[in-house]
Amino acid sequence: MYLEQQKKLAAAVRAFLREKYQLDLANVVIEQPPSVEMGEFALPLSFELAKRLRKAPRKIAEEIVAQLALPKGFEKLEVAGAGYINARLKRDIAAQALVRNPATARTTHEGEGAADVSGKILVEHTSINPNKAAHIGHLRNAILGDTFVRLLRQAGHPVDVQNYIDNTGAQVADVVVGFAHLEKKSKPEIAGIIASNQRFDYYCWDLYARVSQWYEKDKENLEARLETLHAIELGENEMADIAELVSIVVLRRHLETMDRLGIEYDFLPRESEILRLHFWDAAFQQLKDKGVLYLETEGKNKGCWVMARPAAKKPDDGGQERSGPDEDAKVIVRSNGTVGYVGKDIAYHLWKFGLLGRDFGYQKFYQYPNQHEAWISAEQGEPEHPHFGGVAAIYNVIDSRQSDPQNTVIEALRLLGYTEQAAHYTHFSYEMVALTPRCAMELGYAVKDEDRAKSYIEVSGRKGFGVKADDLLDALINAAKVEVDSRHPELNEGRRAVISQQIAIGALRYFMLKFTKQSVIAFDFKEALAFEGETGPYAQYAVVRATNIFRKAGSEPEQALAADVDYARYFADESGTEIWELWLLAGKTSFVVEQCIATTEPAFAAKHAFQLAQQFSNFYHRHHILNEADEGRKKFLLATAAVVRRELSNVLGVMGISVPSVM
RNA sequence: GGGCCCGUAGCUCAAUCGGAUAGAGCAUCAGCCUUCUAAGCUGAGGGUUGCUGGUUCGAUUCCAGCCGGGCCUACCA
């Protein structure tokens with residue numbers, strides 16, 4: 001409702017400016033006045049025009065207000081302040097539109113940036129090394145990614161969700177080293193551990209940390225990693241078999257953990273197939289043919305195939321030609337002929353855009369309770385499979401520490417001449433989750449004096465330092481269960497468990513989404529386990545209360561929406577203005593979804609959900625609906641509750657938060 | 001050394017391409033449960049938006065410099 005009217009207003013203003021002043025404004029700024037009593041939209045454009053038209057802002061505003069033909073659904077325009085133009089909607093018409101069409105209805109995408117594509121969109125997230133349990137940092141990644149997927153789907157985009165698995169790297173090798181050198185376990189013995197251990201990823205978590213210590217104790221122990229890495233790449237040996245076993249089992253655990261949060265994947269491409277299907281060879285050929293890579297013949301990178309760094313601005317050395325090798329160039333292929341991580345990533349991204357000329361094999365791997373299948377890459381896959389790759393746009397949800405290599409891949413695409421694809425490649429970058437020193441000490445970690453003064457300490461899987469995802473979720477579920485048990489002893493155990501789970505997930509997902517991406521989350525149990533204030537459960541509770549009204553009334557929200565309500569009458573007075581503000585906020589859902597997509601910032605949705613819940617709680621407290629004597633007004637209040645309930649549920653749904661039946 | 005990010009209330013965070021009186025939550029204090037559930041509501045206190053300049057009708061936002069903090073910057077993966 002809000003978005004449609006805003007767009008109509010913008011179009012009308014743009015057309016008017018073109019005709020009247022021969023001005024072409026690319027984007028007309030429209031915001032909201034400080035108070036809804038001043039109208040629904042505010043245009044500060046007279047200030048901008050003042051200089052160009054050599055007139056006072058207020059004068060321009062008056063001219064526009066007098067002459068602009070109002071779009072349908074608008075009441076009037078007014079000049080306010082020093083020259084703002086405020087627009088008023090016809091509240092009753094807007095309300096009726098909202099009653100009929102949810103504000104979450106699909107929108108079109110004209111000029112919406114990277115998501116302005118007609119084809120399929122690929123979102124890659126999670127991508128945890130399959131050698132240890134997932135921790136809170138991985139949770140932020142997966143929740144951001146999954147929410148973005150839901151946002152895109154809400155807006156009508158077809159989306160494939162991928163989770164990249166680096167199953168041949170040093171991290172998996174380290175755990176294999178742990179089994180072979182520290183624990184002296186054979187493959188069957190490891191299989192025994194797996195069979196007897198529900199959370200094998202936890203076992204690996206500890207082992208991985210021990211291996212890291214072992215390396216530190218004696219640098220010569222690092223030899224074991226190299227040997228193991230080599231063996232894994234070679235294949236057909238026990239080390240490689242162990243690596244495969246460990247990575248597959250840990251991967252399955254990750255999928256189970258994420259499944260607890262309602263996060264699903266369509267495809268799991270693995271590095272092992274990128275190697276064995278020789279993706280790099282095809283990419284290398286293209287890169288050489290187009291001169292993106294060149295063979296360095298001098299300096300420290302002699303014998304390597306390198307690429308000039310995208311961000312590297314050559315220092316201004318007074319116009320002199322720099323001589324000698326570009327030491328700052330990025331090494332893609334080492335002098336011993338092996339390709340680095342970035343090279344493989346370039347090949348992988350050529351595949352994503354359908355530019356590689358090769359494809360994975362595909363095998364079914366994991367079935368979700370709702371029958372949805374996650375597929376995994378394979379050397380030789382099943383004959384029948386869905387088609388992945390060849391997409392129009394990609395979003396890689398990867399933390400900000402990876403922005404350098406990400407930019408290198410984008411630059412490689414651009415240099416290869418794939419400028420369109422490079423423009424539709426988005427590094428969805430976010431900051432890490434760290435622990436507060438207090439939290440670290442609570443968990444029993446030794447915190448160095450120098451770290452105690454810091455506001456946060458970086459999580460490290462290598463050191464086994466962090467909060468495991470399943471542990472956090474368990475703690476949240478237990479905390480929620482205590483509350484639910486005491487509030488609803490009349491419900492059976494199974495239902496209480498389901499509700500506790502919904503609340504825990506709501507709390508966790510909201511917590512991870514309420515921070516903007518560039519903010520480091522300093523994790524603290526006290527805040528993460530909160531169910532009051534700006535939290536997921538607070539928003540869920542608002543919906544539950546709205547639902548209770550209808551339950552008590554013995555009617556359905558749908559009836560309240562279909563009822564014949566005299567909106568014009570009840571919106572007219574002062575109390576009506578207050579309630580109108582709530583409707584307006586509820587009508588902003590599609591606007592918020594679009595904003596989240598355009599800025600790759602899901603936090604807007606979280607903030608919006610909270611605001612809507614807050615205003616509804618206020619409304620709920622102020623108006624006792626079922627006691628309302630005036631039947632017409634009662635219908636009006638019921639419709640309000642129904643609209644807010646529907647929109648708030650939808651926004652929460654986009655965030656992957658479901659609403660319990662009772663709380 | 002170079003690149004990216006951050007600095008806003010006691011704490012954790014918002015602030016829609018620069019807009020009207022910088023807003024929330026937590027914590028503290030004072031109120032509200034015979035009412036559709038108190039996981040809620042109302043109120044109070046709490047701010048030189050790190051510092052100094054600049055651009056602008058208008059700066060938390062943009063630019064420059066400084067101060068403080070974080071991350072990245074290997075022929076590792």
Side-chain angles (χ1 to χ4, degrees), chain A residues 26-27 29-35 38 42 44 47-48 50-51 56-57 80-84 129 166 168-174 222 225-226 229 271 296 300-304 306 309 311-313 315 328 331-336 338 340-341 344 399-405 407 429 431-432 434 436 454-456 458 480 483-484 487 503 507 514-516 518-522 524 526-527 530-535 537-538 540-542 544-553 591-592 595 598-599 601 603-604 607 610-611 614 617-618 620-627 641 662-663:
Chain A
N27 45 358
V29 176
I30 300 186
E31 49 201 38
Q32 268 191 270
S35 152
M38 302 169 81
F47 302 113
E48 201 184 329
K51 194 173 285 177
Y84 283 95
N129 280 306
D166 181 359
T168 60
Q171 301 213 26
V172 169
D174 286 344
L222 281 164
R225 172 199 270 175
L226 269 182
L229 262 175
E271 183 161 87
E296 183 60 80
K300 71 177 172 100
N301 294 336
K302 184 176 178 185
C304 299
V306 302
R309 247 173 229 281
K313 285 193 195 96
D328 205 35
V331 172
I332 305 295
V333 181
R334 301 176 197 114
S335 53
N336 66 6
T338 58
Y341 178 80
K344 284 178 262 189
D399 76 62
S400 63
R401 287 171 289 196
Q402 298 284 329
S403 65
D404 238 41
N407 286 335
S429 169
E431 273 293 345
M432 62 185 173
T436 61
K454 292 182 179 172
S455 54
Y456 54 81
E458 192 173 354
E483 283 296 318
V484 175
R487 285 163 197 251
I503 292 170
K514 77 176 188 181
F515 301 91
T516 53
Q518 74 274 13
S519 158
V520 175
I521 298 181
D524 196 282
K526 187 169 151 281
E527 273 181 70
F531 296 148
E532 290 168 17
E534 195 195 338
T535 65
Y538 174 91
Q540 291 171 314
Y541 188 58
V544 168
R545 286 173 133 188
T547 306
N548 284 346
I549 297 170
F550 294 100
R551 197 198 344 261
K552 199 82 166 189
F591 171 79
V592 171
Q595 190 185 24
T599 56
E601 181 52 273
F604 288 124
K607 293 290 170 193
F610 176 64
Q611 268 181 33
Q614 205 175 29
S617 295
N618 194 306
Y620 177 90
H621 186 259
R622 204 168 305 202
H623 306 279
H624 203 282
I625 299 177
L626 299 182
N627 284 357
V662 295
M663 276 179 82

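Chain letters run A, B, ... following the sequence lines, proteins first, then strands; residues in each count from 1.
For B:rC41 and B:rU55, the C1' atoms lie 46 Å apart once the distance is rounded to whole Å. Straight-line distance between the C1' atoms of B:rA27 and B:rG10: roughly 8 Å, to the nearest whole Å. Look at the C1' atom in both B:rA14 and B:rA22: the space between them is 10 Å, to the nearest Å. Atom C1' of B:rC32 sits at a distance of 24 Å from the matching atom of B:rG46, rounded to the whole Å.
Within 4.0 Å (heavy atoms only), A:Q614 reaches sugar-phosphate atoms of the nucleic acid but no base atom. Nucleic acid contact for A:A553: none, since no nucleic acid atom lies under 4.0 Å from a heavy atom of the residue.
If you measure from atom OH of A:Y341 to atom P of B:rU73, you get 13 Å, rounded to the nearest angstrom. Atoms OH (A:Y456) and P (B:rC6) sit 12 Å apart, rounded to a whole Å. Atom CZ in A:F604 sits roughly 18 Å away from atom P in B:rG23 (whole-Å rounding). Taking atom CZ of residue A:R401 and atom C1' of nucleotide B:rG3, one finds them 17 Å apart after rounding to whole Å. Rounded to whole angstrom, the span from the NZ atom of A:K526 across to the C1' atom of B:rU12 amounts to 9 Å.
For the pair A:K300 and B:rC75, the criterion of a side-chain N or O lying under 4.0 Å from OP1 or OP2 is met.
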Discussion item. Output the pairing pattern of RNA chain B as a dot-bracket string, 5' first, Watson-Crick or G-U wobble with both distances under 3.5 Å, | for cross-strand pairs, [ ] for crossing pairs.
Written reply: (((((((..((((.....[...)))).(((((.......))))).....(((((..]....))))))))))))....
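There is a side-chain donor-acceptor pair under 3.5 Å between A:R551 and A:N548. When only modelled atom types and interatomic distance are considered, A:S400 and A:E431 share a side-chain donor-acceptor pair under 3.5 Å.
Listed by chain and number, the residues in a side chain to side chain contact (heavy atoms under 4.5 Å, CB included) with A:L626 are A:I549, A:K552, A:A553, A:K634 (sequence neighbours excluded). For A:K344, the side-chain hydrogen bond (donor to acceptor under 3.5 Å, both in side chains) criterion is met by no residue, not counting sequence neighbours. A:P537 meets the side chain to side chain contact (heavy atoms under 4.5 Å, CB included) test with A:I503, A:A507, A:F531, A:T535, A:Q540, A:M663; sequence neighbours excluded.
Each of A:E601 and A:E458 was matched to the nucleotide of RNA chain B holding its nearest heavy atom; the match closer to the 5' end belongs to A:E601.
The shortest side-chain heavy-atom distance between A:K514 and A:I521 does not fall under the 4.5 Å cut-off.
Checked by distance alone, A:S519 brings no side-chain donor or acceptor within 3.5 Å of a matching partner on the base of B:rC13.
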Protein-nucleotides 56-60 of chain B N/O pairs under 3.5 Å:
from: B:rC57; atom 1: OP1; to: A:K51; atom 2: NZ; distance (Å): 3.3

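Listed nucleotides: B:rG25, B:rC75, B:rA20. Nearest to the side chain of A:P34: B:rA20.
By the 30° and 60° cut-offs, the orientation of the rings of A:F47 relative to A:Y84 is perpendicular.
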Worksheet entry | Protein-to-nucleotide contact annotation, 5' to 3' order, nucleotides 28-40 of chain B [B base; S sugar-phosphate only; - none; under 4.0 Å, heavy atom] | -------BBBSBS
